[in-house]
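As structure tokens, the structure follows; a few thoughts come after it.
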Amino acid sequence: MAVLRANKAALSTPAGWDGAVAFEAGGRIDSSVRIGWYPAYNLALEKDGGGYPADSAILAQLDEIETHDFVPRNVAAPTIAVPAPFDAAITLDRSRTHIATWPSKQLLDPALAAQLDRYLVSAADAYRRNQFKAGKEHIETLREILKREHKDIDHDDENENGKRGERNDDHRPAPQRTLIDRLAARVLDFDLKYVIKRMEREETGSKK
């Protein structure tokens with residue numbers, strides 16, 4: 001409790017609100033931190049000074065709302081630790097571990113996940129054997145697979161009209177099923193390009 005009170009005291013909180021800081025919230029073991037603010041009020045004291053009984057249906061409904069007062073969204077965030085000194089094989093291995101969590105989150109089709117994993121293994125093995133050209137070729141193959149699913153993978157979410165998913169005639173295209181979530185594909189493509197650029201830098205440095 002002393003730690004919780006210290007965390008709360010360290011948090012800047014607007015007037016009329018309460019704040020909280022929780023480490024490894026929800027049973028997580030990844031050293032994550034959750035920070036939140038919520039209105040400072042107490043229903044039990046607000047109705048004619050008498051309050052609501054503890055078993056009130058209104059309080060039960062309020063608890064339900066507060067328990068589910070969020071909308072989950074996938075975001076791109078730094079997740080894969082880059083080894084120092086840089087090692088392409090280790091970086092790709094860590095990417096494989098991260099990508100393996102995507103099918104359970106409905107971000108990646110299991111069959112496509114297996115295909116991507118095979119090329120990631122091949123690329124990592126090639127770099128371990130100092131076969132840099134072969135490693136790059138495997139990565140480029142992976143990027144082509146991603147582009148087949150999302151041709152605009154290098155573009156922003158909005159098109160030239162500023163409206164995502166709309167055509168010039170203002171008719172929405174029919175939704176198409178993809179085997180990998182667009183954001184997930186962009187994250188993987190970014191990681192793959194990073195490995196290529198770092199290896200090119202490493203090779204250039206070794207030749208000087």
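- Smallest separation of non-hydrogen atoms from G135 and Y127: C-OH, 3.6 Å.
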**Request:** Would you please test F132 and N130 for side-chain contact (heavy atoms from CB on, under 4.5 Å) and show each step?
**Result:** CA-CA 5 Å; F132 301 145; N130 294 325; 3.9 Å; yes

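- With sequence neighbours excluded, the residues that form a side-chain contact (heavy atoms from CB on, under 4.5 Å) with P14 are W17, W37.
- Residue pairs satisfying the salt bridge (Lys or Arg N to Asp or Glu O under 4.0 Å) criterion with at least one member in residues 74-84, sequence neighbours excluded, are absent.
- Going from atom NZ of K193 over to atom NZ of K197 covers 6.0 Å, rounded to the nearest 0.5 Å.
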Let me have the donor-acceptor pairs involving side chains of residues 100-107, under 3.5 Å, with sequence neighbours excluded, atom names and distances please.
residue: T101; atom: OG1; partner: H98; partner atom: O; Å: 2.6
residue: S104; atom: OG; partner: T101; partner atom: O; Å: 2.9
residue: Q106; atom: NE2; partner: S104; partner atom: O; Å: 3.2

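- Every residue two or more places apart in sequence or in another chain was checked for a side-chain hydrogen bond (donor to acceptor under 3.5 Å, both in side chains) with R94, and none qualifies.
- Considering CD1 of I180 and CZ of R148, their distance stands at 12.0 Å, rounded to 0.5 Å.
- Annotation: salt bridge (charged side-chain N to carboxylate O under 4.0 Å, His left out) contacts of D109 (sequence neighbours excluded): R177.
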Side-chain donor-acceptor contacts of residues 112-126 below 3.5 Å, not counting sequence neighbours, with atom names and distances?
residue: D117; atom: OD1; partner: R96; partner atom: NE; Å: 2.7
residue: D117; atom: OD1; partner: R96; partner atom: NH2; Å: 3.2
residue: D117; atom: OD2; partner: R96; partner atom: NH2; Å: 3.2
residue: S122; atom: OG; partner: R118; partner atom: O; Å: 3.0
residue: D125; atom: OD1; partner: R128; partner atom: NH1; Å: 3.4

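- The shortest heavy-atom contact between D189 and R143 is OD1-NE, 2.6 Å.
- Annotation: side-chain hydrogen bond (donor to acceptor under 3.5 Å, both in side chains) contacts of D181 (sequence neighbours excluded): none.
- What you find for V195 and F86 is that their closest heavy atoms are CA-CZ, 4.3 Å.
- Between L192 and L92 the shortest side-chain heavy-atom distance falls below 4.5 Å.
- Every pair passing side chain to side chain donor-acceptor pair (under 3.5 Å) that includes a residue from residues 68-77 is listed here, sequence neighbours excluded: E64-H68.
- For R129, the side-chain hydrogen bond (donor to acceptor under 3.5 Å, both in side chains) partners are Q131, not counting sequence neighbours.
- Residues S95 and I80 come closest through the heavy atom pair OG-CD1, 3.4 Å.
- Taking OG1 of T178 as the reference point, atom CG of L108 lies at 10.0 Å (rounded to 0.5 Å).
- When the salt bridge (charged side-chain N to carboxylate O under 4.0 Å, His left out) test is applied to E200, the partners found at least two apart in sequence or on another chain are K136.
- For A76, the side-chain contact (heavy atoms from CB on, under 4.5 Å) criterion is met by L183, V187, not counting sequence neighbours.
- I90 and I196 are not part of a single hydrophobic cluster, where members link through side-chain heavy atoms under 4.5 Å apart.
- Residues meeting the side-chain contact (heavy atoms from CB on, under 4.5 Å) test with F190, sequence neighbours left out: none.
- For the pair D87 and T91, the tightest heavy-atom approach, listed with the atom from each and the gap, is O-OG1, 2.8 Å.
- Of all heavy-atom pairs between L146 and A185, the closest is CD1-O, 3.8 Å.
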